[in-house]
Amino acid sequence: MEIENDMVDLLRDIKGLLSHQKKVMNVDDLVAYTGLSKSKIYKLTQLRLIPMGGNKHIRQKFFDKDIIDAWLLGEPNLSDDFLDQEFNKQLPRKKK
């Protein structure tokens, strides 16, 4: 039983490593890749503070791994306080 659990854990690790080889990621891939929460990624996409694909005909968001790497290396401000401030700044614009 323990050997089976070890093998399952090993296969999960391999699956995780292989998923990081994708060039184009969806939100779930980005959560696993960056360690950011899904809600934080959705906030960033809503505020347009994270680089993402621009196809207006696709509802799902996609992210280019190379661009995300460059963005992360640029040390973006990901604090909840900053995101709340940005959201509040956009509220008056959305009401018009």
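Values reported hereafter were calculated over all heavy atoms of this structure, with side chains retained and with hydrogens, waters and symmetry mates removed. Throughout, residue positions are numbered sequentially from 1 according to the sequence presented.
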Of all heavy-atom pairs between I67 and P51, which one has the smallest distance, and what is that distance?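 I67 and P51 have their closest heavy atoms at CG2-CB, 3.5 Å.
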Please name the pair of heavy atoms, one in Q90 and one in L47, separated by the smallest distance, quoted to 0.1 Å.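 For Q90 versus L47, the nearest heavy atoms are NE2-O, 3.5 Å.
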For a quick check under 3.5 Å, do Y33 and D28 share a side-chain donor-acceptor pair by atom type?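 No.
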Does [X] reach the side chain of [Y], with side-chain heavy atoms less than 4.5 Å apart?
X   : Y   : result
V27 : F63 : yes
L36 : L30 : no
Y42 : K61 : no
D64 : M52 : no
L83 : L78 : no
P76 : L49 : no
D9  : R12 : yes

Gap between atom [atom2] of [Y] and atom [atom1] of [X] - 0.5 Å precision:
X   : Y   : atom1 : atom2 : result
I58 : Q60 : CD1   : CD    : 8.5 Å
D80 : S39 : CG    : OG    : 8.0 Å
F62 : K22 : CZ    : NZ    : 8.5 Å

Using a 6.0 Å cut-off, check whether atom CG of L10 has over 12 heavy atoms from anything other than its own residue. yes
Could you check N77 against S79 for side chain to side chain donor-acceptor pair (under 3.5 Å), going step by step and ending with a plain yes or no? CA-CA 6 Å; N77 189 343; S79 70; 3.0 Å; yes
Would you call K65 and D29 a salt bridge, using N to O less than 4.0 angstrom?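 No, this pair does not count.
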Whether W71 side chain and D66 backbone form a donor-acceptor pair below 3.5 Å: no
